[in-house]
*Asks:* 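What follows is a single structure, and I will ask about it in a moment.
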Amino acid sequence: MAAPPPTPPAAAPAPAPGPSATLDPRRARLVLIVVSVALMTVVSAVSGLNVALPSLARATGASQTELTWIVDAYTVIFAGLLLASGAIGDRLGRKGILLVGLAIFGAAAAAAAFVETPEALIALRAVMGIGAAAIMPTTLSVITTTLPLEQRGTAVGVWVGVAGGGAAIGVFASALLLQWFEWPAFFWLNVSLAAVGFVGTMLVVPPGRDEHPPRFDGLGAVLSLVAVGGIVFGIIEIPERGGDDPLALGVLALGLAALVAFVLWEWRTPAPLLDPRLFAVRGFGMGSLSLSAQFFAAFGFFFAALQYLQFVAGLSPLWAAGCLLPMPFILIPLARFSPRLAEHFGYRRVAPVGLLLIAAAFVVFSRLEVELNYAVFFTGIVLFATGMALSGAPSTTAITRSLPAGKQGVASAVNDTAREFGSALGIAVLGSILTQTYKAGVQDAIAGLPPTIASAIESSIAFTQSPRVAEFGAAAEPIIAAAKESFLDGVTTALLVAAGVPAVTAAITATFGPRRVAAAPDAAPAASAAPTS
């Protein structure tokens, strides 16, 4: 007979007044600017790379699956280590872990600028993910533990705006560099942002940590990394290797088993990395689910859309990024205001509306054709940015308010894990759908080609732009046209699948989400596992 779960820990002593008690308004603004730069460093490392994928594929010969891994190796390690890094920041000090993360990230990005093979890029992107995992949760926990209480709601809105709108800004900054330089310039942008964030952190971010840290849950940290890595590996590799490939199936099974083991272990251990009972608190559970759905859709979209704009519509990196430029001008201002809307109308009303707008945006995007109709694309961007703002900031606020000040590293890490796990799954699932649809659609067009040429075109649409295809002269035109149509079919199919995820989540959130998001008392959050309304 199984032993009953451990009794939730008793309330911790109320923390002493933190740095927020002495931060003047000017210092508080500087702290917010610095953590926003650090956050931009992390976010742009995913979104900005998407605009460089076509030129990177042409230069390195990366296949479509390798492109997915170049993006997702970063996200998988990032998501798998977020919980552990949040807990480490609470124990050892948030400023220190932020500095270490920025240093690792910057060093790996500098090394990536010099490599020439997809395999090396995948490895270095994974190292960058280690640094990112130390950065992102720390930026939010710095806000929620050091800024004055009356400024935190607005600051969280800014954080969410940067996390969402910063993705589009990162795309545009990368595209500007790619207009004059080759793809390594993207990594030098990463290095520059990390350096600015490092210096700013040294100068203005105050130290802060949990005065009563629990024992570190090392086994939970390992299980979380194995779970995320195994699941994403299976999703990416099974379509490429086949549904009967023992390696892909075995790694997927390992990831699922690790996920089950993680939940069981965290339920029973007296000092969990993440207490599963927290998800019974409606603000915490529904906020996490909502963020995962939002970022599943968002980063799957960035991965697919930026390749569509360049490979299919034929735009330059700068023009492709310009198509996304309206997004931050809608998302960032609205994200600052949306927590007040949620307080006035209720989380259960505002957040589901945002999720439905994201779903509607993806239905609009699915109407795109080979010849870009920017009116359609712009309509989708407006709906998408509005939906991200309305659902993102209230969900982040719901999570961070569920835990007391001394546990904001864990709250921030859960917030970020929900985002990054959703991002990793979105890139993996949508990338796999895109790849498989493209491969199936292009088969007839490449049937009569030499095997090496046919295999290269099947592997990546980038090869249709190579000199070896151009040698076919007029005969290359139907091949290129078929590849574009097949790639477009892959993009639109993936986006329609993505639309279903926020739509279903909207229904769940509207039914089970909290009516209002109330701040947690300064006590152990697990002390009350019952849902709140």
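The model shown is predicted, which means the values in this text are computed figures rather than measured ones.
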*Asks:* Any side-chain heavy atom of Phe365 within less than 4.5 Å of one from Leu383?
*Replies:* no
*Asks:* Can any side-chain N or O of Ser290 pair as donor or acceptor with the backbone N or O of Gly287 at less than 3.5 Å?
*Replies:* no
*Asks:* Can you tell me how far OG1 of Thr75 sits from CD1 of Ile427, rounded to the nearest 0.5 angstrom?
*Replies:* 4.0 Å
*Asks:* Please give me the minimum heavy-atom distance between Ala45 and Arg125, naming the atom from each residue.
*Replies:*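 Result for this residue pair: O-NH1, 2.6 Å.
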*Asks:* Got Leu368 and Val376 here, is their nearest side-chain heavy-atom distance under 4.5 Å?
*Replies:*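 SC-SC contact between Leu368 and Val376 confirmed.
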*Asks:* CG/Leu259 to CD1/Ile231 distance, rounded to the nearest 0.5 angstrom?
*Replies:* 5.0 Å
*Asks:* Are Leu291 and Ile399 side-chain neighbours, meaning at least one heavy-atom pair lies under 4.5 Å?
*Replies:*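 Answer yes - side chains close enough.
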*Asks:* Begin with the C-alpha distance, continue with both residues' side-chain angles, and end with the deciding distance and a verdict on ring-ring contact (aromatic ring centres under 6.0 Å, His included) for Trp319 and Phe377.
*Replies:* CA-CA 13 Å; Trp319 278 108; Phe377 196 88; over 10 Å; no
*Asks:* In sequence, state the C-alpha distance, the side-chain angles, and the governing distance for Leu449 and Ile479, and then conclude on side-chain contact (heavy atoms from CB on, under 4.5 Å).
*Replies:* CA-CA 10 Å; Leu449 297 178; Ile479 298 172; 3.6 Å; yes
*Asks:* Is there a side-chain contact between Met128 and Phe78 (heavy atoms, below 4.5 Å)?
*Replies:* no
*Asks:* Looking at every heavy atom in both Phe105 and Ala194, which two are closest together, and how far apart are they?
*Replies:*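 Phe105 and Ala194 have their closest heavy atoms at CD2-CB, 4.0 Å.
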*Asks:* What's the spacing between Leu99 CG and Ile104 CD1 if we round to 0.5 Å?
*Replies:*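 The CD1 atom of Ile104 is 11.5 Å from CG of Leu99, to the nearest 0.5 Å.
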*Asks:* Under 6.0 Å between ring centres, would you say that holds for Phe384 and Phe301?
*Replies:*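 Centroid separation for Phe384 and Phe301: below 6.0 Å.
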*Asks:* Phe487 vs Val442, test: side-chain contact (heavy atoms from CB on, under 4.5 Å). Steps then yes/no.
*Replies:* CA-CA 9 Å; Phe487 198 87; Val442 81; over 6 Å; no
*Asks:* Once the angle between the rings of Trp183 and Phe187 is folded into 0 to 90°, is it parallel (under 30°), tilted (30 to 60°) or perpendicular (over 60°)?
*Replies:* perpendicular
*Asks:* For residues Leu430 and Ala498, report the shortest heavy-atom separation together with the two atoms involved.
*Replies:* CD2-CB, 3.8 Å
*Asks:* Output, in order, the C-alpha distance, side-chain angles, deciding distance and verdict of side-chain contact (heavy atoms from CB on, under 4.5 Å) for Leu225 and Leu81.
*Replies:* CA-CA 6 Å; Leu225 178 58; Leu81 292 178; 4.1 Å; yes
*Asks:* Do Leu102 and Leu193 have side-chain heavy atoms sitting under 4.5 Å apart?
*Replies:*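 Leu102 vs Leu193: side chains apart.
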*Asks:* Given the rule in the side-chain contact (heavy atoms from CB on, under 4.5 Å) test, do Phe172 and Leu318 qualify, once you have shown the distances and angles that lead to the verdict?
*Replies:* CA-CA 7 Å; Phe172 193 73; Leu318 186 58; 4.0 Å; yes
*Asks:* Report yes or no: does Tyr308 contribute a side-chain atom to a donor-acceptor pair with the main-chain N or O of Val491 at less than 3.5 Å?
*Replies:* no
*Asks:* Output the distance between atom CD (Gln310) and atom OG (Ser316), rounded to the nearest 0.5 Å.
*Replies:*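 OG of Ser316 is found 7.5 Å from CD of Gln310.
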*Asks:* To the nearest 0.5 Å, what is the distance between OG1 (Thr60) and CD (Glu119)?
*Replies:* 8.5 Å
*Asks:* So does Glu369 have more than 12 non-hydrogen atoms from other groups sitting under 6.0 Å from CD?
*Replies:* no
*Asks:* If only atom types and distance count, is the side chain of Ser292 paired as donor or acceptor with the main-chain N or O of Ala418 below 3.5 Å?
*Replies:* yes
*Asks:* Does the side chain of Leu39 reach to within under 4.5 Å of the side chain of Ile135, using non-hydrogen atoms?
*Replies:*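 Sidechains of Ile135 and Leu39: no contact.
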*Asks:* If you round to the nearest 0.5 Å, how far is CG of Leu252 from CG of Leu247?
*Replies:* 11.0 Å
*Asks:* Donor-acceptor pair, Lys484 side chain versus Val370 backbone, under 3.5 Å?
*Replies:*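 The answer is no, because no donor-acceptor pair under 3.5 Å joins these two groups.
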*Asks:* For the residue pair Gly48 and Phe186, what are the closest heavy atoms and their distance?
*Replies:*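 What the structure gives for the nearest pair is C-CE1, 3.4 Å.
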*Asks:* Closer than 3.5 angstrom, by distance alone: can the side chain of Glu182 be matched with the main-chain N or O of Leu178 as a donor-acceptor pair?
*Replies:* no
*Asks:* Under 6.0 Å between ring centres: does that hold for Tyr74 and Trp69?
*Replies:* no
*Asks:* Taking atom types as modelled, is there a side-chain donor on Ser432 or Gln436 under 3.5 Å from an acceptor on the other?
*Replies:*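 No, no side-chain donor-acceptor contact under 3.5 Å.
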*Asks:* For Ser391, is there any backbone N or O sitting under 3.5 Å from a side-chain donor or acceptor partner on Gln294?
*Replies:*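 Between the backbone of Ser391 and the side chain of Gln294 there is a qualifying donor-acceptor contact (under 3.5 Å).
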*Asks:* For the side chain of Thr138 and the backbone of Ala134, is there at least one donor-acceptor N/O pair under 3.5 Å apart?
*Replies:*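 Yes.
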*Asks:* Flag the pair Val71 / Leu53 as yes when at least one side-chain heavy-atom distance between them is below 4.5 Å, and no otherwise.
*Replies:* yes
*Asks:* Show the nearest heavy-atom pair for residues Cys323 and Tyr374, with the distance to one decimal.
*Replies:*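 Heavy-atom minimum between the residues: O-OH, 3.0 Å.
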*Asks:* So do the side chains of Leu56 and Leu49 get within less than 4.5 Å of each other, counting heavy atoms only?
*Replies:* yes
*Asks:* If you take all heavy atoms of Pro502 and Ile358, which pair is closest and at what distance?
*Replies:*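 Result for this residue pair: CG-CG2, 4.0 Å.
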*Asks:* Taking Glu458 for its side chain and Ala454 for its backbone only, find out whether a donor-acceptor pair lies under 3.5 Å.
*Replies:* no
*Asks:* What's the verdict on side chain to side chain donor-acceptor pair (under 3.5 Å) for Thr492 and Ser366, showing C-alpha distance, side-chain angles and the deciding distance?
*Replies:* CA-CA 4 Å; Thr492 54; Ser366 73; over 6 Å; no
*Asks:* Would you confirm whether Thr437, through its side chain, and Leu434, through its main-chain N or O, come within 3.5 Å as a donor-acceptor pair?
*Replies:* no
